[in-house]
Amino acid sequence: MPSGFITQYIDVAQLTLWAFWFFFFGVVYFIRREDKREGYPVESQRMFGAIKMMEGFPPLPKPKTFVLPHNGGEVVKPSPDRPQYDFKLEPVDNFPGAAFRPVGNPMLAGVGPGSYAVRSDKPDLTHGGEPRIVPMRVAKHFSVVDKDPDPRGMTVIGADGEVGGKVTEIWVDRSEPQVRYLELETSNKKKVLLPINMCVVKGKKQQVKVQSINGAHFNDAPTLASYDQISLAEEDKVTAYYGGGTLYATPDRAEPFL
């Protein structure tokens, strides 16, 4: 037999190719199974409103314990907790694949552009273990450059031109030195946060313009448990509220363009 042949029908190149395919499919199987550690089993809507929990193929992996940094405890995934959350939505009709519509205040329903993940109720931390996003009254070594407009004291204007509140503080990211939120006092005397990427600071007019929500909507924005730090769950809810406004702040935004 020529060099490289094992039998008359099998050679080294053929075995190498089969070994590669077995390895490749093994990697795909492993990755697909690992990505089911969160969010599974999923709800599979059936006929007549009946809902069945489904995990599909490959099956869920065995529970694994992860140790969180900075003495954050342990988490087990897949978790014994219910994998699906109670959303404030309902199907528009009783057939599989029917669209969902929010129930109650759509900007707080957690659906569509206002959806969010239920993350930890602990703050994101710096490499040193300190809360990462804090107001400048906590991160006192931060300051606003002289040539830049300082938004503190500026009036916040909503998409309808109505006043939403007044900026009282700037929240900064201590890991990536930049502004993350503006803290406002609304017309009903609530403290709420406004993501910096959802507004435009008009230095000459002494105004902060927001297009995603109207002036009155600031009164219903999510509040924080502590105003010296923000948890991961609160970050998602605050951002989701303004995201939800891009579709639900006014009735015409939910209508088709054509």
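Numbering of residues begins at 1 and proceeds along the displayed sequence.
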Undergrad: Is there a side chain to side chain contact (heavy atoms under 4.5 Å, CB included) between Asn214 and Phe218 once you walk through the steps?
TA: CA-CA 7 Å; Asn214 292 333; Phe218 286 95; over 6 Å; no
Undergrad: Rounded to the nearest 0.5 Å, what separates atom CD1 in Ile31 from atom NZ in Lys36?
TA: 14.0 Å
Undergrad: Cluster question for you: counting only ILVMFWY and a side-chain heavy-atom cut-off of under 4.5 Å, with indirect links fine, are Val138 and Leu184 together?
TA: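 Val138 and Leu184: separate clusters.
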Undergrad: Given a cutoff of under 4.5 Å between side-chain heavy atoms of I, L, V, M, F, W and Y, with clusters grown through shared members, what are the other residues clustered with Val28?
TA: Leu17, Phe20, Trp21, Phe24, Phe25
Undergrad: Counting N and O atoms only, with roles assigned by atom type, does the side chain of Arg253 sit under 3.5 Å from a partner on the main chain of Gly245, one being a donor and the other an acceptor?
TA: yes
Undergrad: Please tell me if the side chains of Val172 and Pro177 come closer than 4.5 Å, counting only heavy atoms from C-beta onward.
TA: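 No, side chains not in contact.
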Undergrad: Please give me the minimum heavy-atom distance between Ala221 and Tyr242, naming the atom from each residue.
TA: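 Nearest pair, atom of Ala221 first, then Tyr242: CB-OH, 4.2 Å.
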Undergrad: So does His141 have more than 12 non-hydrogen atoms from other groups sitting under 6.0 Å from NE2?
TA: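 Yes, because the 6.0 Å sphere around NE2 of His141 holds more than 12 heavy atoms from other groups.
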Undergrad: In the single-linkage hydrophobic clustering (I, L, V, M, F, W, Y; side-chain heavy atoms under 4.5 Å), do Tyr241 and Val111 co-cluster?
TA: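 Cluster IDs for Tyr241 and Val111 match.
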Undergrad: Can we say Arg33 and Glu55 salt-bridge, meaning some charged N sits less than 4.0 Å from an Asp/Glu carboxylate O?
TA: no
Undergrad: Testing the basics here: between Tyr116 and Ala240, what is the closest heavy-atom pair and its distance to 0.1 Å?
TA: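 Between these two residues, the closest heavy atoms are CD2-CB, 3.7 Å.
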Undergrad: Could you point out which residue of Arg37, Lys64, Lys62 forms a side chain to side chain contact (heavy atoms under 4.5 Å, CB included) with Pro78?
TA: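 Answer to the side chain to side chain contact (heavy atoms under 4.5 Å, CB included) test with Pro78 among Arg37, Lys64, Lys62: Arg37.
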Undergrad: Please say yes or no: joined through hydrophobic side-chain contacts below 4.5 Å, possibly via intermediate residues, are Tyr181 and Ile157 part of one cluster?
TA: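 Hydrophobic grouping puts Tyr181 apart from Ile157.
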Undergrad: Step by step, would you call Met136 with Trp171 a side chain to side chain contact (heavy atoms under 4.5 Å, CB included)?
TA: CA-CA 6 Å; Met136 285 177 57; Trp171 287 55; over 6 Å; no
Undergrad: Would you say the side-chain atoms of Asp160 pair up with the backbone N or O of Glu162, donor to acceptor, closer than 3.5 Å?
TA: yes
Undergrad: Measure the CD-CG distance between Glu235 and Leu224 for me, rounded to the nearest 0.5 Å.
TA: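 It is 10.0 Å, given to the nearest 0.5 Å.
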Undergrad: Walk me through it: do Glu38 and Lys77 pass the test salt bridge (Lys or Arg N to Asp or Glu O under 4.0 Å)?
TA: CA-CA 7 Å; Glu38 292 185 292; Lys77 298 293 179 181; 3.5 Å; yes
Undergrad: Looking at Pro131 and Arg174, what are the two nearest heavy atoms and their distance?
TA: O-NH2, 2.9 Å
Undergrad: To the nearest 0.5 Å, what is the distance between CD (Gln207) and OG1 (Thr155)?
TA: 6.5 Å
Undergrad: Are side-chain heavy atoms of Lys202 and Pro149 found at a separation under 4.5 Å?
TA: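 No, every pair of side-chain atoms sits at 4.5 Å or beyond.
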Undergrad: Any donor and acceptor pair, going by atom type alone, linking the side chain of Arg152 with main-chain N or O of Ile170 inside 3.5 Å?
TA: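 The answer is no, because no donor-acceptor pair under 3.5 Å joins these two groups.
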Undergrad: Within a strict 4.5 Å, meaning less than it, do heavy atoms of the Ile213 and Met107 side chains meet?
TA: yes
Undergrad: Return the minimal non-hydrogen interatomic distance between Val76 and Pro63, and the atom names on each side.
TA: CG1-CB, 3.9 Å
Undergrad: Taking Arg119's backbone N and O only, do any of them form a donor-acceptor pair with Asp236's side chain (distance below 3.5 Å, no angle check)?
TA: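 Flag not set: sc Asp236 to bb Arg119 has no pair under 3.5 Å.
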Undergrad: To the nearest 0.5 angstrom, please state how far the CZ atom of Phe57 sits from the CZ atom of Arg32.
TA: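 One finds 10.5 Å between CZ of Phe57 and CZ of Arg32.
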Undergrad: Could you list the residues that satisfy side chain to side chain donor-acceptor pair (under 3.5 Å) with Asp173, not counting sequence neighbours?
TA: Arg132, Arg180
Undergrad: Assess the residue pair Leu125 and Glu130 against the criterion (side chain to side chain contact (heavy atoms under 4.5 Å, CB included)); give the C-alpha distance rounded to whole Å, side-chain angles, the decisive distance to 0.1 Å, and a yes or no.
TA: CA-CA 5 Å; Leu125 302 178; Glu130 296 179 312; over 6 Å; no
Undergrad: Which heavy-atom pair separates Asp228 from Pro135 by the least distance, and what is that distance?
TA: O-CD, 3.5 Å
Undergrad: Surrounding CZ of Phe66 (heavy atoms of other residues, nucleotides or ligands, distance under 6.0 Å), is the total greater than 12?
TA: yes
Undergrad: State, with a plain yes or no, whether a side-chain heavy atom of Pro222 is found less than 4.5 Å away from one of Val192.
TA: no
Undergrad: Taking atom CD of Glu176 and atom OG1 of Thr126, what is their separation to the nearest 0.5 Å?
TA: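 The distance works out to 12.0 Å.
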Undergrad: Indicate whether any N or O donor in one side chain lies under 3.5 Å from an N or O acceptor in the other, for Thr250 and Asp252.
TA: yes
Undergrad: Apply the test side chain to side chain contact (heavy atoms under 4.5 Å, CB included) to residues Val163 and Val156: give CA-CA distance (whole Å), side-chain angles for both, the deciding distance (0.1 Å), then the verdict.
TA: CA-CA 6 Å; Val163 175; Val156 180; over 6 Å; no
Undergrad: Can you see which heavy atom on Gly243 is nearest to which on Pro113, and at what distance?
TA: O-CB, 3.3 Å
Undergrad: Hydrophobic cluster membership, with links at side-chain heavy-atom distances under 4.5 Å among I/L/V/M/F/W/Y: are Leu194 and Val200 in one?
TA: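 Result: no, two separate clusters.
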Undergrad: Would a single hydrophobic cluster contain both Ile10 and Trp18, if residues Ile, Leu, Val, Met, Phe, Trp and Tyr are joined by side-chain heavy-atom contacts under 4.5 Å?
TA: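 Result: no, two separate clusters.
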Undergrad: Should we say atom NZ of Lys190 is surrounded by more than 12 heavy atoms from elsewhere, each under 6.0 Å from it?
TA: yes
Undergrad: Can any side-chain N or O of Gln206 pair as donor or acceptor with the backbone N or O of Gly203 at less than 3.5 Å?
TA: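 Side chain of Gln206 to backbone of Gly203, a donor-acceptor pair under 3.5 Å: yes, one is there.
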Undergrad: Should the pair Glu169-Arg137 be classified as a salt bridge under the 4.0 Å nitrogen-to-oxygen rule?
TA: yes
Undergrad: Roughly how far apart are Leu193 CG and Glu234 CD, rounded to 0.5 Å?
TA: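 Those atoms lie 8.5 Å apart.
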Undergrad: Kindly write out the residues that satisfy salt bridge (Lys or Arg N to Asp or Glu O under 4.0 Å) with Arg101, not counting sequence neighbours, or none if the list is empty.
TA: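 With sequence neighbours excluded, Arg101 shows a salt bridge (Lys or Arg N to Asp or Glu O under 4.0 Å) to Glu90, given in chain and number order.
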Undergrad: Does Gln14 offer a backbone N or O that forms a donor-acceptor pair with the side chain of Asp11 under 3.5 Å?
TA: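 Yes; at least one donor-acceptor contact below 3.5 Å.
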Undergrad: Is the shortest side-chain heavy-atom distance between Pro123 and Gln229 below 4.5 Å?
TA: yes
